Trainee: 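Got a structure here, written out as structure tokens. Questions coming.
Just so it is clear, the values below take in all heavy atoms, side chains as well, and ignore hydrogens, waters and symmetry mates. From a predicted model like this one, the values you see are computed outputs, not experimental measurements. Counting convention: from 1, in listed order, for ligands and their atoms alike.
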Amino acid sequence: MSKKAITLMMTAGLVLSAAPHSVLADPPAVNENADQAFDNKIIKKISPDRLYDRVDLLSKAPREAGTQGEYDAVQYIKGEFESYGLDTELQPFTFQEWDGGSSSLMVNGSTFTDDVHSFNGSVNGSVEAAIEYVGLATTEEIPDSIKGKIALVERGSIPFYDKVQNVLDKGAAGVIMFNGPGQAGSHFGYTYEGQDIPAVAITREAGLSLVEQLQSEEVIANLTVEGAGTIDKTSYNVIATKKPHKNKDTGQIINIGAHHDSVANGPGANDDASGVSGVLELAKIMANTPTDTELRFITFGAEEKGLVGSYHYASTLSQNEVDRTAAHFQMDMIGSRDAGDLIMFTPDGNKNLVTDLGASAGARVAEVVEYGKLGRSDHVPFFERGIPAALFIHAPLEPWYHSPDDTIDKISKEKLTEVTKIVGAAVYQIARPDTPALERARVAPGPVHYEFDDRPL
Ligand code: BES
Ligand code: ZN
């Protein structure tokens with residue numbers, strides 16, 4: 001039997017029960033050595049310094065979707081892909097964001113000095129009326145006398161929706177809500193469709209002083225919310241394609257993804273400049289490596305706004321492309337020195353082709369990787385279209401998650417390198433020209449046992 005035939009059988013997960021000659025005496029070892037030789041074609045080229053330097057460059061400033069910071073990152077990523085010789089495309093899309101406009105409050109004729117912020121969803125408008133304190137605004141607490149007045153409400157116990165609806169039902173003309181015990185600031189609160197009432201948030205201290213003032217005098221307030229509403233913003237996906245070898249095309253596609261946007265107040269070194277750097281490193285190496293599979297290297301925008309970019313991209317795929325997409329690998333938060341071990345998450349908690357390939361590649365280049373159940377990243381829209389997809393991430397999370405302290409000094413070159421190697425080896429297991437096309441639902445190569453891990457985040 002040829003070496004190729006053995007590889008094919010192992011790739012399909014077939015068990016060799018008889019060993020006709022010595023080459024087959026220990027099939028997993030034969031397969032492992034062959035696979036490891038192929039792994040080396042990718043993983044030996046991975047540069048820890050390049051991986052780290054890209055994270056450094058990307059995490060100098062926040063990359064919130066729809067801002068100049070994101071756009072600069074997008075241009076950098078596009079330039080990198082192009083410099084590797086890959087066909088690269090920017091895919092713009094719009095998403096909606098709430099703009100709170102400006103809010104003001106006059107109390108008994110003087111300007112209220114504390115911060116005032118409109119609720120997300122608040123209508124614009126100006127109301128002049130007496131303030132009445134209605135506690136937590138449960139139905140029992142609200143007196144009929146609230147009609148035509150501005151309700152002063154404490155945050156907590158019941159949802160924003162119920163508080164606003166309860167005062168609306170009794171005819172209130174406006175809402176001022178102060179923060180709950182131990183909660184800082186005045187940036188909170190939602191009104192929902194049909195709750196057409198100006199609503200603002202203030203700090204707990206400011207709210208309690210109004211409650212006190214109401215005990216000794218009538219308080220007339222002038223509450224104004226103006227310029228609030230949704231605005232359209234533009235974000236981008238960056239898509240680089242590596243075509244298969246012309247004479248050796250299985251017709252299959254593999255995606256390797258990360259998200260380039262960060263939260264507004266953080267530089268997102270780990271979340272997810274780390275994953276972007278992993279995608280760029282594999283793109284650079286694989287651009288010059290013959291494959292029989294089309295590779296799509298994609299960085300998504302507006303992940304932090306609700307997976308907007310990946311949902312957009314997945315919605316643009318034809319059914320034919322979906323059918324041909326064998327696997328989606330998502331790298332998100334792959335480099336924190338302070339996070340736990342690598343885990344592969346699927347939205348339904350089931351193994352799939354991606355986790356099979358990842359566990360098997362892990363066993364060859366580092367250690368067997370476990371899997372668990374989680375959405376919360378760009379693998380979800382692909383999973384929902386029926387594509388085997390998994391998120392590669394470390395858990396438990398680092399304490400700097402979504403904070404201004406998610407900076408380059410917390411990034412480990414070793415962690416970045418290990419995850420990139422595992423994903424690279426897993427991708428190449430299908431993409432290399434000597435292995436056959438894998439049906440989407442079929443199990444991956446290698447008799448590796450890996451466990452479900454219900455790991456806390
Ligand atoms: N990198 C995180 C995903 C994540 C966070 C996975 C924690 C596992 C544990 C991602 O960028 C993120 O923050 N996602 C959002 C969800 C999204 C729908 C806005 C989240 O988890 O809050
Ligand atoms: Zn993320």
Side-chain angles (χ1 to χ4, degrees), residues 54-55 58-59 62-67 69-70 73-74 77 93 95-98 120 190 233 235 237-238 256-280 298-315 328-336 338-349 354-355 358 369-384 389-408 410-411 415-416 419 423 453-457:
R54 284 191 210 98
V55 178
L58 282 163
S59 62
R63 303 175 304 280
E64 186 189 13
T67 67
E70 184 204 17
V74 160
I77 294 162
F93 56 91
F95 66 100
Q96 283 182 342
E97 198 154 61
W98 181 254
N120 203 320
Y190 291 87
K233 294 203 165 175
S235 176
N237 295 324
V238 191
I256 304 115
H259 70 91
H260 58 245
D261 66 312
S262 70
V263 291
N265 68 337
N270 198 38
D271 189 8
D272 182 24
S274 65
V276 171
S277 187
V279 169
L280 287 171
I298 316 170
T299 73
F300 300 102
E303 189 270 355
E304 302 286 6
K305 306 290 182 187
L307 319 181
V308 186
S310 49
Y311 268 113
H312 178 75
Y313 177 77
S315 78
H328 179 96
F329 292 79
Q330 182 73 18
M331 289 189 267
D332 193 353
M333 305 174 75
I334 62 163
S336 175
D338 306 301
D341 288 329
L342 181 62
I343 183 161
M344 304 176 292
F345 284 116
T346 60
D348 62 357
V354 179
T355 61
V369 187
E370 294 171 339
Y371 73 106
K373 179 177 190 302
L374 193 77
R376 297 180 65 173
S377 191
D378 294 317
H379 57 313
V380 173
F382 297 91
F383 167 83
E384 288 180 356
L391 164 67
F392 290 72
I393 192 168
H394 296 110
L397 298 179
E398 64 276 19
W400 333 113
Y401 169 60
H402 281 188
S403 87
D405 296 325
D406 181 6
T407 44
I408 184 68
K410 323 287 194 321
I411 295 295
K415 278 229 171 79
L416 280 175
V419 181
V423 172
D453 185 353
D454 198 9
R455 198 183 299 172
L457 292 173

Trainee: Indicate whether the side chain of Asp338 and that of Trp400 have a donor and an acceptor atom separated by less than 3.5 Å.
Mentor: yes
Trainee: Give me the residue, atom name and distance of the protein heavy atom closest to atom 17 (C) of ligand 1.
Mentor: Glu303 O, 3.9 Å
Trainee: Evaluate the side-chain contact (heavy atoms from CB on, under 4.5 Å) criterion for residues Asp405 and Lys410: first the C-alpha distance (whole Å), next the side-chain angles of each, then the deciding distance (0.1 Å), finally the verdict.
Mentor: CA-CA 8 Å; Asp405 296 325; Lys410 323 287 194 321; 4.0 Å; yes
Trainee: Main chain of Gly301, side chain of Asn237: is a donor-acceptor contact present, judged purely on distance under 3.5 Å?
Mentor: yes
Trainee: Would you say Met331 and Ile256 make side-chain contact, with heavy atoms under 4.5 Å?
Mentor: yes
Trainee: Does the pair Val279 and Ile77 meet the rule for a side-chain contact (heavy atoms from CB on, under 4.5 Å), with working shown?
Mentor: CA-CA 10 Å; Val279 169; Ile77 294 162; over 6 Å; no
Trainee: Hey, is Arg376 touching ligand 1 through its side chain, its backbone, both or neither, going by heavy atoms under 4.0 Å?
Mentor: both
Trainee: Just by distance, no angles: are the side chains of Asp271 and His259 close enough, under 3.5 Å, to form a donor-acceptor pair?
Mentor: yes
Trainee: Taking heavy atoms and a distance under 4.0 Å, where does His259 meet ligand 1: side chain, backbone, both or neither?
Mentor: side chain
Trainee: Report the part of Leu397 in contact with ligand 1, treating N, CA, C, O as backbone and CB onward as side chain, heavy atoms under 4.0 Å; options are side chain, backbone, both, neither.
Mentor: side chain
Trainee: Would you call Glu370 and Arg455 a side-chain contact if the rule is heavy atoms closer than 4.5 Å?
Mentor: yes
Trainee: Applying a heavy-atom cut-off of 4.0 Å, say which part of Ile393 lies close to ligand 1: side chain, backbone, both or neither.
Mentor: side chain
Trainee: Using a strict cut-off of 4.0 Å, indicate which atoms of ligand 1 neighbour a heavy atom of Asp271.
Mentor: 1 (N), 2 (C), 11 (O)
Trainee: Between ligand 1 and Phe345, can you find any atom pair, the residue atom being a heavy atom, that is separated by under 4.0 Å?
Mentor: no
Trainee: Name the option, out of Asp332, Asp261, Asn270, that contains the heavy atom nearest to atom 1 (N) of ligand 1.
Mentor: Asp332
Trainee: Nearest to atom 13 (O) of ligand 1, what protein heavy atom do you find, and at what distance?
Mentor: Tyr401 OH, 2.6 Å
Trainee: Does the side chain of His394 reach to within under 4.5 Å of the side chain of Asn270, using non-hydrogen atoms?
Mentor: no
Trainee: Just to be sure I understand the site: which N, O or S atoms from the protein are less than 2.8 Å away from the Zn ion (ligand 2)?
Mentor: His259 NE2, Asp271 OD1, Asp332 OD1, Asp332 OD2
Trainee: As an exercise, identify every atom of ligand 1 less than 4.0 angstrom from a heavy atom of Leu307.
Mentor: 18 (C)
Trainee: Would you say Lys305 and ligand 1 have an N/O pair spaced under 3.5 Å apart?
Mentor: no
Trainee: Just one of Phe95, Phe300, Phe93 clears the ring pair (Phe, Tyr, Trp, His ring centres under 6.0 Å) bar with His312, so which one?
Mentor: Phe93
Trainee: Among protein heavy atoms, which lies nearest atom 8 (C) of ligand 1, and at what distance?
Mentor: Leu374 CD2, 3.2 Å
Trainee: Taking the side chain as C-beta and beyond, is there a heavy-atom pair between Asp332 and Glu303 under 4.5 Å?
Mentor: yes
Trainee: Tell me, do Asp406 and His402 make a side-chain contact under 4.5 Å, heavy atoms counted?
Mentor: no
Trainee: Can you sort out which atoms of ligand 1 are near Met333, meaning under 4.0 Å from one of its heavy atoms?
Mentor: 1 (N), 2 (C)
Trainee: Would you say the side chain of Glu70 lies within less than 4.5 Å of the side chain of Lys233, judging by non-hydrogen atoms?
Mentor: no
